[in-house]
Amino acid sequence: MTAAGTAGYGAEFHPYVDLSTIGAVVTKSLAPYEWPGNPAPRLHPVRAGMMNSVGLQGPGIGEWLERTLPEIIATGADVVCSIWGRSIEDYRAAAEMLADAPDSVVAVEVNLSCPNLEGRGGIFAHDPALSAEVVAATAACARPRWAKLSPNTDRIVEVARAVTEAGAEALTLVNTLLGLTLDPSTLRPTLGNGGGGLSGPAIHPIAVRAVADVRAALPDVPIVGVGGIADTFDAVELMAVGASAVQIGTALFAEPTALARVRDGLVVEARRRGLSSVSGLTGLAVL
Ligand code: SIN
C-alpha cells in the first residue's frame, strides 16, 4: 500500500504503478472539513530520510468523496481513507461522513499520531484512554478501522491494546518521529512550523521494533507495517516480525515505482523461501 500522506488523495500514482495491482491506496489524512495546513516550507530532505510538517492540509472528506474518490475508483484500486481530527467530535463526524462511501473504500485508517498539530501536546496516540475514545467514536464508518500509532512514546503496546479493545481491527505501525532541522545560514528551523516528523530509512529499525513488540503482546491483531521501506528486505523485515501488510511512503518521493518493485520483490522472496504466498512471510522472524 501507499503510506498516508505520501501519494496524495487520489489517482496521482496511477501513471507510475497500476493502482489496482497494489494492496490499496491510503489517502493523505482527511478531516470532516477543509484544512489549510502549516506554513511552507513543509518538506525537507535529510541524510537518511525526510522531515515534514504539512499540518494535515486537505480538502475535507465531503469534497474528496465527491471530486477525488471517483478518480481512484476508476483505476480499480481499493482505497483506505485516513482520517484525522482535532477533537473526538471531529473524528466522529469524519466517520459518519464515510458511512455511505462506496465499497471501494475498504477500510478507514484512524490517524491518532500526527506530530504536526498544535505543538507536541496534540498526539492522541500517546494516551491509551484518549486513543480508545477516538476509536470508539469512529464506529459509524461501518468498515474496518485501523489505528495508526505513534513511535514517540514508550506506551505503544498499551495504546495498541486500548484501541483494539475499543474496536480497531488492525494497527498501522508507525507514524513519523518528532524531529527538528536548522537552516545552516539562518540557524532557523528549515520547516515553516518549526519541528516536524522524521520519516524514511532512519526510522526503519524503530518501526521493526514497534511491530515486534506489539505483535508479541497482541499476536491476534493484524498489523500494517510502515516506516522507511525502500527495498524488498525492509518489507520482509516488517513482515517477519509480524506485519500482515506493509506501506511505502518516503521512498515514493524519489521513486514512485518503488511500490511495484517492492511488491514484486516480496513475491520473489516468498518463492525463494518455499512459501506459497507473500503472507507466509508474516511472523517468520526468529526472536
Ligand atoms: C502532516 O500532514 O503534517 C503529517 C501527517 C502525519 O504525520 O500524520
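Whatever order the structure lists them in is the order used to number ligands and atoms, beginning at 1. Counting from 1, the numbers follow the sequence of the chain as shown. On a predicted model such as this, the values are computed, not experimentally measured, just so you know.
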(request) Let me know which of Leu173, Asn175, Thr172 forms a side-chain contact (heavy atoms from CB on, under 4.5 Å) with Ser113. (result) Asn175
(request) Considering non-hydrogen atoms only, spot the tightest contact between Val135 and Ala147 and give its length. (result) CG2-CB, 4.3 Å
(message) When you measure from the side chain of Ser131 to the backbone of Phe124, do you find a donor-acceptor pair of N or O atoms at a distance under 3.5 Å?
(response) yes
(message) Can you list everything that forms a salt bridge (Lys or Arg N to Asp or Glu O under 4.0 Å) with Glu269? Sequence neighbours excluded, please.
(response) Arg272, Arg273
(message) Please check: side-chain N/O of Asn111 versus main-chain N/O of Trp84, any donor-acceptor pairing under 3.5 Å?
(response) no
Would you tabulate the polar-atom pairs, meaning N/O of ligand 1 against N/O of the protein, with distances under 3.5 Å, reported to 0.1 Å?
from, atom 1, to, atom 2, distance (Å)
ligand 1, 2 (O), Lys28, NZ, 2.6
ligand 1, 2 (O), Gly55, N, 3.4
ligand 1, 2 (O), Leu56, N, 2.7
ligand 1, 3 (O), Val54, N, 3.2
ligand 1, 3 (O), Gly55, N, 2.7
ligand 1, 3 (O), Asn116, ND2, 2.8
ligand 1, 7 (O), Asn175, OD1, 3.0
ligand 1, 8 (O), Asn111, ND2, 2.8
ligand 1, 8 (O), Asn175, ND2, 3.0

(message) Determine whether a donor-acceptor pair (N or O, by modelled atom type, separation under 3.5 Å) exists between the side chain of Trp146 and the backbone of Ser82.
(response) no
